[in-house]
Amino acid sequence: MRRFLAVLAGLLTGAAAWEGYKAAGNPDGTVLFGVRVLPRADDLSMPHLWTIAERLGAPELTGGRPVWRVVVDACLFTLGITTAGFVAGALIGLALAVAMQRFRVVERGLLPYVIISQTVPLVALAPLIAGWGGVLMPPWATVAVIAAYLAFFPVAVGMLRGLQSPSAAGVELMRSYAAGWWRTLVTLRLPAALPYLFPALRLAGAAAVVGAVVGEISTGTRGGIGRLLIEYAREATSDPAKVYTAMLGAALLGLLVAGAVSLLELPLMRHRRHVEVATL
């Protein structure tokens with residue numbers, strides 16, 4: 001209930017800030033030293049929230065489906081791609097973290113390249129991945145690879161930090177029990193890594209959504225929310241509220257993925273606490 005109230009308060013605060021700036025802001029934006037530091041507050045750039053809500057219920061085209069239905073279908077399509085990319089990226093990140101924790105030479109040799117991989121602009125990388133995999137994979141799989149590329153990094157770094165978090169006394173205690181590396185990993189390191197893993201998974205989920213959306217835009221994959229953003233953006237001058245419906249769908253998709261990870265976190269963290277109490 002506290003989380004629900006916090007989310008509701010955040011939404012109400014955001015809505016009040018939007019409408020408040022629209023009421024008090026400059027229609028031409030605020031310019032400081034020749035640079036626009038605040039956006040325009042006119043109806044073309046910032047439609048009223050109720051206008052966006054009305055547009056969600058209106059038909060996309062004359063006699064067509066309502067916009068909300070089109071946005072939901074596009075989000076479901078992107079959600080499937082995001083799920084595939086997120087799972088693949090999380091598994092790759094976990095494998096890399098375990099390998100880097102097990103072998104120091106792997107950490108020293110691989111971790112810098114893992115970090116450098118995230119400095120490559122995704123907009124430039126996505127067409128290359130599409131070109132490499134266009135013959136071997138369907139378009140949706142290419143987008144999933146792009147989502148996995150963004151998702152593996154926070155999992156690899158966060159899980160590595162978690163696997164290295166047990167104290168030296170705990171590790172020595174496992175050695176005194178003649179526990180091997182695998183048993184130490186399962187009994188000590190993995191439970192200790194859970195508080196680091198789930199924040200990393202939430203970041204990975206959000207990154208996978210960004211990767212899927214950018215991948216759909218860059219590769220021209222139809223059916224998803226990324227392509228819908230481009231199509232609606234073409235009508236921004238004549239129907240600005242329509243653009244924000246697609247943006248709202250993309251934002252809710254990211255929240256949905258992060259919320260799904262949080263639901264997975266609750267039982268596992270509760271089990272971890274029970275195990276710690278039983279051990280004490």
Side-chain angles (χ1 to χ4, degrees), residues 11 14-15 18 22 27 29 36 39-86 121-135 137-151 205-258:
L11 291 175
W18 180 280
K22 182 168 176 58
R36 180 174 286 107
R40 295 184 176 93
D42 58 344
D43 291 337
L44 184 61
S45 302
M46 293 184 63
H48 287 288
L49 294 178
W50 55 82
T51 304
I52 300 174
E54 291 174 356
R55 192 65 185 90
L56 280 169
E60 181 189 31
L61 301 172
T62 303
R65 296 183 300 168
V67 171
W68 72 265
R69 181 63 182 274
V70 178
V71 171
V72 168
D73 291 344
C75 287
L76 291 177
F77 181 87
T78 304
L79 178 61
I81 297 176
T82 300
T83 302
F86 171 73
L122 187 60
V123 177
L125 186 64
L128 294 178
I129 297 177
W132 295 335
V135 179
M137 298 183 295
W140 69 266
T142 302
V143 178
V145 170
I146 298 171
Y149 172 79
L150 288 186
V209 173
V210 173
V213 172
V214 175
E216 289 173 351
I217 294 174
S218 301
T219 61
T221 303
R222 294 185 175 275
I225 193 67
R227 188 65 183 179
L228 200 65
L229 281 168
I230 296 297
E231 294 176 356
Y232 285 3
R234 296 171 181 169
E235 306 177 32
T237 55
S238 60
D239 195 355
K242 193 175 183 180
V243 181
Y244 283 95
T245 60
M247 293 181 183
L248 179 63
L252 292 178
L253 180 60
L255 292 176
L256 176 63
V257 174

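These numbers come from the heavy atoms of this one structure, side chains and all, not from hydrogens, waters or symmetry mates.
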Quick check: does any side chain N or O of [X] sit under 3.5 Å from a backbone N or O of [Y], one acting as donor and the other as acceptor?
X	Y	answer
K22	M46	yes
S45	A41	no
W68	A53	no

Is there side-chain contact between L229 and M247, with at least one heavy-atom pair below 4.5 Å?
yes

Does the side chain of F77 come within less than 4.5 Å of T221's, by heavy atoms?
yes

Taking all heavy atoms of [X] and all of [Y], pick out the closest pair and write down the distance.
X	Y	value
L49	A15	CD1-CB, 3.5 Å
G249	C75	O-SG, 3.4 Å
G85	A147	CA-CB, 4.1 Å
Y244	P47	CE1-CD, 3.3 Å
R55	K242	NH2-CD, 3.7 Å
A246	Y232	CB-CD2, 3.8 Å

Quick one, L125 with I146, criterion side chain to side chain contact (heavy atoms under 4.5 Å, CB included). Give me CA distance, side-chain angles, the key distance, then yes/no.
CA-CA 8 Å; L125 186 64; I146 298 171; over 6 Å; no

Working to the nearest 0.5 Å, report the span between OG1 of T245 and CD1 of I52.
8.0 Å

Among V257, L256, V210, side chain to side chain contact (heavy atoms under 4.5 Å, CB included) partner for T82
V257

Using the side chain to side chain contact (heavy atoms under 4.5 Å, CB included) rule, pick out the option among L76, L248, I225 that qualifies with V71.
I225

Filter on side chain to side chain donor-acceptor pair (under 3.5 Å), then keep only pairs touching residues 207-217, sequence neighbours left out; what's left?
T78-E216

Under the side chain to side chain contact (heavy atoms under 4.5 Å, CB included) criterion, do D43 and H48 qualify, and how do the steps go?
CA-CA 7 Å; D43 291 337; H48 287 288; 4.2 Å; yes

Decide if atom CZ of R69 counts as having more than 12 heavy atoms of other residues, nucleotides or ligands within a radius under 6.0 Å.
no

